Asks: 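For reference, the structure I am asking about is given below.
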Amino acid sequence: MERVQTVSKVINLIQQAILPALKGAKIVVDATAGNGNDTLFLAQHTPDDAKIYAFDVQTEALQQTRQLTADFSAKIEYVLRSHAELDAVVAENIDMAMFNLGYLPGQEHELTTVWESTQIAVTKVLRKLVVQGICVIVAYPGHAAGKEEAMQLEAYLQRLSKREYTVGCYRLLNHAATAPYAFVIEKTR
Ligand code: SAM
């Protein structure tokens, strides 16, 4: 059996961390569908009657996500819109949301997520999270726009009221400072 790297592969560790909560999640947002790997993971581990909104601004990304998740398409809504507009699409409160920031590997770097729209989307998601709902965000400071986005995001999350949210950060201490790192935010009231 292939062993999954969970400590150095930040996204794998995050996936394992949210597994128990996913089992009961009904409304889930994948804010950056990309190649569909995260959407597939979310679809595989949520109940049959869950609904997953998969956002991306690239037609090709959503096509790839649609193909990869074909077995679960009944519970997925594929949304070709910016996650900054998610409140126009997602009417319900949210149990779980995932942002895997940055650009699609092998695609134009210009199509990376940027803080301006990420901030709007994260703010909307946090408002819509149910109590005990979770939002996970993986940031990629390895390129210029990603570094700026990660810095702004970290500062923004540090300012969140601890009466309402608990924010954790998972970072590789003995790897390059440019390695991806993750935030886990839980709404507490
Ligand atoms: N979750 C993906 C996977 O499992 O393959 C990887 C996501 S990739 C690192 C980031 C994605 O965010 C890209 O596909 C990009 O098109 C998308 N993106 C960039 N800006 C966006 C926005 N404003 N709204 C939604 N998606 C956006």
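We count ligands from 1, going down the list as the structure has it; atoms in each ligand are counted the same way. Note that the structure is a prediction, hence the values are computed from the model and not measured. Positions are given from 1, in the same order as the sequence printed here.
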Asks: Which is closest to atom 9 (C) of ligand 1 by heavy-atom distance: L101, L42, L40, T32?
Replies: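 Answer by nearest heavy atom: L101.
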Asks: Considering V57, L111, V79 one by one, which has a heavy atom nearer to atom 27 (C) of ligand 1 than any of the others?
Replies: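 The nearest heavy atom belongs to V57.
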Asks: Who are the salt bridge (Lys or Arg N to Asp or Glu O under 4.0 Å) partners of E85, not counting sequence neighbours?
Replies: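 Partners of E85 under the salt bridge (Lys or Arg N to Asp or Glu O under 4.0 Å) test: R81.
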Asks: Taking only heavy atoms of G36, which atoms of ligand 1 are found under 4.0 Å from at least one of them?
Replies: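 So the atoms of ligand 1 that pass are 3 (C), 5 (O).
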Asks: Check the pair F183, L157 against side-chain contact (heavy atoms from CB on, under 4.5 Å), reporting the backbone distance first and the verdict last.
Replies: CA-CA 9 Å; F183 302 96; L157 294 177; 3.5 Å; yes
Asks: Could you tell me whether some N/O pair between T113 and ligand 1 is separated by less than 3.5 angstrom?
Replies: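 N/O-N/O distance below 3.5 Å does not exist for this pair.
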Asks: Any chance NZ of K26 has more than 12 other-residue heavy atoms, nucleotides or ligands included, within less than 6.0 Å?
Replies: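 No, NZ of K26 has 12 or fewer neighbouring heavy atoms, counting only those of other groups under 6.0 Å.
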Asks: Among all the protein's non-hydrogen atoms, which is closest to atom 3 (C) of ligand 1, and how far away is it?
Replies: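 For atom 3 (C) of ligand 1, the nearest protein heavy atom is A33 O, 3.5 Å.
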Asks: Would you check whether A84 reaches within less than 4.0 Å of ligand 1, judged by its heavy atoms?
Replies: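 False for this residue.
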Asks: Are more than 12 heavy atoms from other residues, nucleotides or ligands located less than 6.0 Å from atom NZ of K75?
Replies: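 Buried by this count: over 12 neighbours within 6.0 Å.
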Asks: Does R159 pair with E154 as a salt bridge, N-O distance under 4.0 Å?
Replies: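 Answer for the salt bridge query: no.
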Asks: Relative to the heavy atoms of G102, which atoms of ligand 1 are at a distance of less than 4.0 Å?
Replies: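 In order of number, 10 (C).
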Asks: Which is closest to atom 22 (C) of ligand 1 in terms of heavy atoms, Q64, R81, H83?
Replies: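 Answer by nearest heavy atom: H83.
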Asks: At less than 4.0 angstrom from any non-hydrogen atom of A31, what atoms of ligand 1 do you find?
Replies: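 With A31 as reference, the close atoms of ligand 1 come out as 25 (C), 26 (N).
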Asks: Counting non-hydrogen protein atoms only, what is the nearest one to atom 5 (O) of ligand 1? Give residue, atom name and distance.
Replies: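 Result for atom 5 (O) of ligand 1: N35 N, 2.9 Å.
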Asks: Please determine, by modelled atom types, if N100 and T32 share a side-chain donor-acceptor pair under 3.5 angstrom.
Replies: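 No.
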Asks: List the closest protein heavy-atom neighbour of atom 4 (O) of ligand 1: residue, atom name, distance to the nearest 0.1 Å.
Replies: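 Residue, atom and distance for the closest contact: D38 N, 2.9 Å.
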Asks: With sequence neighbours left out, write down each residue that passes ring-ring contact (aromatic ring centres under 6.0 Å, His included) with F72, or none if nothing qualifies.
Replies: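 Residues passing ring-ring contact (aromatic ring centres under 6.0 Å, His included) with F72: none at all.
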Asks: For ligand 1, which atoms, with element, lie under 4.0 Å from some heavy atom of Q58?
Replies: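 Counting from 1, the qualifying ligand atoms are 14 (O), 15 (C), 16 (O).
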Asks: Which bit of Y103 gets closer than 4.0 Å to ligand 1, counting heavy atoms only: side chain, backbone, both or neither?
Replies: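 Answer for Y103: backbone.
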Asks: Are Y53 and E92 close enough that a side-chain donor and a side-chain acceptor fall under 3.5 Å?
Replies: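 Yes.
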Asks: Identify the closest protein heavy atom to atom 23 (N) of ligand 1: which residue and atom is it, and at what distance?
Replies: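 For atom 23 (N) of ligand 1, the nearest protein heavy atom is S82 OG, 3.0 Å.
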Asks: Side chain or backbone, does D56 bring an N or O within less than 3.5 Å of an N or O on ligand 1?
Replies: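 D56 vs ligand 1: N/O contact under 3.5 Å present.
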Asks: Let me confirm one number: the CD1-CD1 distance from I94 to I134, rounded to the nearest 0.5 Å.
Replies: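 Result: 13.5 Å between the selected atoms.
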Asks: Using a cut-off of 6.0 Å, state whether more than 12 heavy atoms not belonging to D49 lie near its atom CG.
Replies: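 Enclosed: over 12 neighbouring heavy atoms sit under 6.0 Å from CG of D49.
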